[in-house]
Amino acid sequence: MTALAPARPPAPQGRAPGPLLLGVRHHGPGSARGVLAALEAARPEAVLIEGPAEADALVALAADPAMRPPVALLAHAVDDPGRAAFWPFAAFSPEWAAIRWALGRGVPVRFADLPAALTLAAGPARDDGEEHAPGADTAAARIDPLAELARAAGHEDPEQWWEDVVELRGDTDPLAPFEALAEAMTVLRERYGHGGHPRDLVREAHMRLRLRDARKEFGDAVAVVCGAWHVPALARRTTVTADRALLKGLPRTKTELTWVPWTHRRLARRSGYGAGIESPGWYGHLFSAPDRPVERWMTEVAGLLRESDHPVSSADVIEAVRLADALAALRGRPRPGLAETTDAVRAVLCGGSDVPLDLVRDRLVVGDVLGEVPAAAPAVPLQRDLDRLQRRLRLRPGAEERALDLDLRGETDAARSTLLHRLRLLGVDWGTPTGGRAGTGTFREPWRLRWEPELHVRVVEAGVWGTTVESAATARAEARALGAGSLGEITDLAERCLLAGLTGALPAVLGALADRAALDTDAAHLADALPALARALRYGDVRGTDTAALAAVAAGLAERICVGLPPACAGLGADAAAQMRDRVDAVHAAITLLPDPDLHPTPDPSTPDPSTPDPSTPDPSTPDPSTPAADSPLVARWAGVLRRLVRGERVPGTIRGRAARTLLDEGWLSEEETGRAMGLALSPGTPPADAAAWIDGFAGGPGGGLLLVHDERLLALLDGWLTGVPAEAFTDVLPLLRRTFGGYEAGVRRTLGELVARGPDAAAPGSAALVPGFAADPDEERADGVLPLLHLVLGPEAAA
């Protein structure tokens, strides 16, 4: 016997003949259930969906088992990949429900909206694929159809009104809600026209043309699933000539389309999606649990709270369900909605606190669901290579933000770090390095990861640089080196190339760096550039990268800083002096990190000295005898530069003070010499403002307070100067002193206050008064006793 296809049921009585127009709200679970019921009742022979017409070739992928919503159609201009638009679909989107229904029954599915080639050529696109018409689509002229209908029904909240009339109700007649909504929208269109959406007239003309083509092929057995706002326009009788006239002459651009993963969080209105919803997680729950949704929701909430160590019992869940039902009855709602369930969760499960409720809102009401697309979906070669690397490194993208602590000593973690740094060079900021470190040394690298749908567009944009992540990042780095506008930009790029393992890009970057460094004579620019090179050498050593060429450039740069920095520090104003002080700190940290180059520096007699040193003073460029012999020649030369800054009469006080402090911290300046320098800086002949600036440079920053606590001689000098400041000058220096001492921890300030309260006799210069627990001289034998413990804590890498 020949198998007979099931007959299409007749049109329901009372319904006008013609195509079935199902007006919906995007991403509405009630609309999705209604669409499924209407399609089952009408059994159309073709389904048209609101979406870009070019996506017809991709619709079959929606039936692939590997396709898991939320997903989105991504269209981008071929000549400008950054010009892109998304058409998102969730599991509870009516359009997605219609697509899956049709594909599951072998019914043809076609997209009817304006082609992406026209959409992207018309103007800046939004995430829903609708573009703004310049000069016409203003916020003042646009209306919200749901808000207008809710206001007409006497409701202030359009979201709650929509939930009551669509999402939370059930109808025996599957077509009744769509007919009522179409009638309401017809009235709105008659009153407001396009409602501030002039581009809709063009879109609807194209939809009507696509609908005519479908009717020629399938007759009236066609169903159209579109936004309810468009239903009156599709039902209106127009001529083909009139519709084509609206489309004539529109600009076009060549486009490519594919499917990409989407997220529930990106569907939320608060994340910027113009046609989004406030609670995608809640709507997804309503769609997946049509029976006893409140009970199931409260169970999910209880499970989440228990995972977060918040005690919730079964009795609490039962009581929360009862309270939600009672609130719905009091408020005249057909069933409990999100507002009722939220109030019940807050009162019963969260004990009236909004702290655990915020967790529920973030994890369940919005959620971090990330969709998946099959491997058969079209993608640029760079995306294919990235997918391959993600699978090989077991670095799966996720919508939720998570911490990733990498140990660069391991092969897998080192490769993960390389991939993330290469993506950052390409502008694909999947991961962001965090400031803190989870362990000691440079082998620890903490990251924060979160995959956003927009990163797919960034990958497409980066595809112009190469077909693999490595080749694209290398080409991008070389191009940036050639177009760099400053020396600091190139040094930062060199650091990022080493972090990304782009040895192929280093020759071009180092060539640009050497050329720019040779031409740049500004010591401030050189000082800004050196720290990035020092960090690059440090990380390169950890990763086993050959950094010999970079080390030579860094050493030459450091030598030029040593020559040019003292003159650059002379005669600066207060703000410029503070900036230069920070540069001195950064250069000091960088020079101590640089490897020992085999350098033999010689003094430069042509370099002007901002100070007027005593003739008996040794040549500043000659390493001081107090400098440890183990230091490299470069470090010794830097110590000489710091000494020149300390003695410079035209050098601002904040720089001289910081130089003295640095020398003391490194052991390159004895306590007696430090006290002599401080006494000169705080002598009666020094203007109070200059003396306060010296104090800010010397005692400000980390460790400054502890230095004064442990060296009462310096504290006594400071105390004696402060008590001798004239009353008329005290108000001028007070803000600077307050800023200096205000940066200390509370315990340090308290200890300093106690020391000062003991009086000048107990803390006079040369006095034997000591801080409790501290001796006059260090006990080396007792100090060595801590080394075994440090060896145990830091491991075998720390020398005992």
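These numbers were taken from a predicted model, which means no experiment stands behind them. The figures that follow rest on heavy atoms only: side chains count, while hydrogens, waters and symmetry mates do not.
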Chi angles and distances behind the side-chain contact (heavy atoms from CB on, under 4.5 Å) call for Glu461, Arg83:
CA-CA 9 Å; Glu461 288 182 292; Arg83 196 148 43 100; over 6 Å; no
When you look at [atom1] of [X], are more than 12 heavy atoms from neighbouring residues, nucleotides or ligands closer to it than 6.0 Å?
X: Glu745; atom1: CD; value: no
X: Asp575; atom1: CG; value: no
X: Arg68; atom1: CZ; value: no

Can you spot which of Ile561, Asp528, Thr592 makes a side-chain contact (heavy atoms from CB on, under 4.5 Å) with Val587?
Ile561
Sidechain-backbone polar pair: [X] side chain, [Y] backbone, donor-acceptor under 3.5 Å:
X: Arg496; Y: Arg424; answer: yes
X: Arg416; Y: Leu393; answer: yes
X: Arg450; Y: Ala399; answer: yes
X: Asp113; Y: Glu50; answer: no
X: Glu54; Y: Ala117; answer: yes
X: Arg637; Y: Glu559; answer: no
X: Ser93; Y: Ala90; answer: yes
X: Thr253; Y: Ala121; answer: no
X: Arg422; Y: Glu470; answer: no

Verdict with reasoning, Leu118 to Arg252, per side-chain contact (heavy atoms from CB on, under 4.5 Å):
CA-CA 5 Å; Leu118 299 179; Arg252 284 180 171 269; 3.2 Å; yes
Checking salt bridge (Lys or Arg N to Asp or Glu O under 4.0 Å) for the pair Arg581/Asp585: CA distance, chi angles, key distance, verdict?
CA-CA 6 Å; Arg581 178 198 61 198; Asp585 289 341; 5.2 Å; no
Is it the case that the ring center of Trp447 lies less than 6.0 angstrom away from the ring center of His421?
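Centroid separation for His421 and Trp447: below 6.0 Å.
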Check [X] against [Y] and note the closest heavy-atom contact, atom names and distance.
X: Asp522; Y: Ala524; result: OD1-N, 2.8 Å
X: Pro531; Y: Ala586; result: CG-CB, 3.8 Å
X: Leu267; Y: Pro280; result: CB-CB, 4.2 Å
X: Ala84; Y: Leu74; result: CB-CD1, 3.9 Å
X: Thr474; Y: Gly504; result: CG2-C, 4.0 Å
X: Asp56; Y: Phe111; result: OD1-N, 2.7 Å

Contact check, side chains of [X] and [Y], non-hydrogen atoms, under 4.5 Å:
X: Arg199; Y: Leu114; value: yes
X: Leu506; Y: Leu498; value: yes
X: Thr255; Y: Val78; value: no
X: Pro378; Y: Leu58; value: yes
X: Pro70; Y: His264; value: yes
X: Arg458; Y: Leu426; value: no
X: Pro453; Y: Thr263; value: yes
X: Thr258; Y: Val460; value: no

Pairing of [X] and [Y] as salt bridge, 4.0 angstrom limit:
X: Arg396; Y: Glu372; result: yes
X: Asp582; Y: Arg658; result: no
X: Arg363; Y: Glu400; result: no
X: Asp79; Y: Lys254; result: no

Should Glu478 and Leu482 be marked as a side-chain contact (heavy atoms from CB on, under 4.5 Å) after you check the CA-CA gap, both sets of side-chain angles, and the distance that decides it?
CA-CA 6 Å; Glu478 292 174 345; Leu482 294 176; 5.8 Å; no
Interatomic spacing from [atom1] in [X] to [atom2] in [Y] - rounded to 0.5 Å:
X: Arg583; Y: Leu526; atom1: CZ; atom2: CG; result: 10.5 Å
X: Leu364; Y: Leu359; atom1: CG; atom2: CG; result: 7.5 Å
X: Leu510; Y: Thr491; atom1: CG; atom2: OG1; result: 11.5 Å
X: Leu120; Y: Asp80; atom1: CG; atom2: CG; result: 9.5 Å
X: Thr468; Y: Leu386; atom1: OG1; atom2: CG; result: 11.0 Å
X: Thr432; Y: Leu420; atom1: OG1; atom2: CG; result: 9.5 Å

Using the ring of each side chain (for Trp, its six-membered ring), is Phe89 parallel, tilted or perpendicular to Trp96, with breaks at 30° and 60°?
tilted
Hey, mind stepping through Val635 and Leu594 against side-chain contact (heavy atoms from CB on, under 4.5 Å) and telling me if it holds?
CA-CA 9 Å; Val635 174; Leu594 292 178; over 6 Å; no
Can you spot which of Trp430, Trp451, Trp262, Phe86 makes a ring-ring contact (aromatic ring centres under 6.0 Å, His included) with His456?
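Only one of Trp430, Trp451, Trp262, Phe86 forms a ring-ring contact (aromatic ring centres under 6.0 Å, His included) with His456, namely Trp451.
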Among Arg384, Gln383, Arg391, whose side chain to side chain donor-acceptor pair (under 3.5 Å) with Asp387 holds?
Gln383
